[in-house]
Chemist: 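Once you've had a glance at the structure underneath, I'll fire off some questions.
This one's a predicted model, so the numbers in the text were calculated from it and none came from an experiment. Scope of the values below: all heavy atoms of this structure, side chains included, with no hydrogens, waters or symmetry mates.
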Amino acid sequence: MEQKFIQNNKMDIQISPHHLKLIVQKAAEMGAIQALTKAGKLKPYLKKSEAFRKYGRANIENWALTGLITIRKDGGNSAGWRIDRMEVEAIVNSIELLRFL
């Protein structure tokens, strides 16, 4: 089976149909999360414990240290912190895509 590639004449980027499918799939997932958040079905922010459980403590702490995610505090020193759901989902989806591309 011959693979066809999509080419952009200016930059000559080649994307296989499989890779294009993965990109579109991740974009659709992000759109669904955003729609569910705007509809009130998902919270726009994750608590620290939720983020650690879902994505791993080391990942969350590393992404925060490198500035990929922004930690927001609800109050004073003892207040819990939260992260934007779309921020962390964008990072996770980007990492997953980079593994396949």
Side-chain angles (χ1 to χ4, degrees):
M1 179 180 203
E2 182 182 329
Q3 260 196 345
K4 295 182 182 180
F5 291 91
I6 298 169
Q7 292 186 346
N8 178 335
N9 292 333
K10 292 181 183 178
M11 295 179 65
D12 198 30
I13 298 172
Q14 296 183 346
I15 300 174
S16 71
H18 174 69
H19 289 142
L20 183 60
K21 178 183 172 184
L22 289 173
I23 292 168
V24 171
Q25 182 181 15
K26 293 298 179 187
E29 288 174 12
M30 293 291 292
I33 291 169
Q34 186 174 23
L36 289 169
T37 301
K38 285 186 176 186
K41 301 295 182 184
L42 279 176
K43 296 180 202 169
Y45 293 96
L46 294 169
K47 294 179 184 178
K48 179 171 73 170
S49 59
E50 291 175 292
F52 284 175
R53 186 171 41 256
K54 188 168 182 180
Y55 304 106
R57 181 184 186 114
N59 289 330
I60 294 296
E61 289 176 346
N62 182 43
W63 297 336
L65 285 173
T66 56
L68 293 174
I69 58 175
T70 305
I71 295 174
R72 294 162 175 88
K73 283 197 153 206
D74 291 328
N77 292 338
S78 64
W81 58 265
R82 56 196 173 110
I83 60 170
D84 185 281
R85 184 182 297 274
M86 289 300 292
E87 271 185 6
V88 75
E89 288 289 342
I91 293 165
V92 169
N93 286 328
S94 297
I95 290 168
E96 288 178 8
L97 282 173
L98 285 173
R99 287 184 186 148
F100 293 110
L101 297 179

Chemist: Should E96 and R99 count as an ion pair when the cut-off is N to O under 4.0 Å?
Modeler: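 Salt bridge between E96 and R99, a charged N being under 4.0 Å from a carboxylate O: no.
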Chemist: Are I71 and L46 grouped together when hydrophobic residues (ILVMFWY) are joined by side-chain heavy atoms under 4.5 angstrom apart?
Modeler: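 The answer is yes; both residues are in one hydrophobic cluster.
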Chemist: Any chain of hydrophobic side-chain contacts (each under 4.5 Å) joining I95 to F52?
Modeler: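 Yes, it is one cluster - the side chains of I95 and F52 are joined through contacts under 4.5 Å.
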Chemist: Working to the nearest 0.5 Å, report the span between CD1 of I83 and OG1 of T70.
Modeler: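 Nearest 0.5 Å value for the CD1-OG1 distance: 9.5 Å.
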Chemist: For the CD atom of Q14 and the NE2 atom of H19, what is their distance to the nearest 0.5 Å?
Modeler: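 It is 12.0 Å, given to the nearest 0.5 Å.
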Chemist: What do the steps show when you test E50 against R53 for salt bridge (charged side-chain N to carboxylate O under 4.0 Å, His left out), and what is the final call?
Modeler: CA-CA 5 Å; E50 291 175 292; R53 186 171 41 256; 5.4 Å; no
Chemist: Is there a path of hydrophobic side-chain contacts, each under 4.5 Å between heavy atoms, that joins M30 and I23?
Modeler: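 Not linked; separate clusters.
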Chemist: With side chains defined as the heavy atoms from C-beta onward, is the minimum distance between D84 and Y45 less than 4.5 Å?
Modeler: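 D84 vs Y45: side chains touch.
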Chemist: Can you tell me how far the CG atom of L42 sits from the CZ atom of R85, to the nearest 0.5 Å?
Modeler: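 It is 4.5 Å, given to the nearest 0.5 Å.
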Chemist: To the nearest 0.5 Å, what is the distance between NZ (K43) and OG1 (T37)?
Modeler: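 Taking NZ in K43 and OG1 in T37, the distance rounds to 11.5 Å.
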Chemist: Identify all side-chain donor-acceptor contacts of residues 55-63 below 3.5 Å with residues at least two apart in sequence or on another chain.
Modeler:
residue, atom, partner, partner atom, Å
Y55, OH, E89, OE2, 2.4
R57, NE, E61, OE2, 3.0
R57, NH2, E61, OE2, 3.4
N59, ND2, Y55, O, 2.7

Chemist: For E87 versus I69, what's the shortest heavy-atom pair and its separation?
Modeler: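 Closest approach of E87 to I69: OE1-CA, 3.3 Å.
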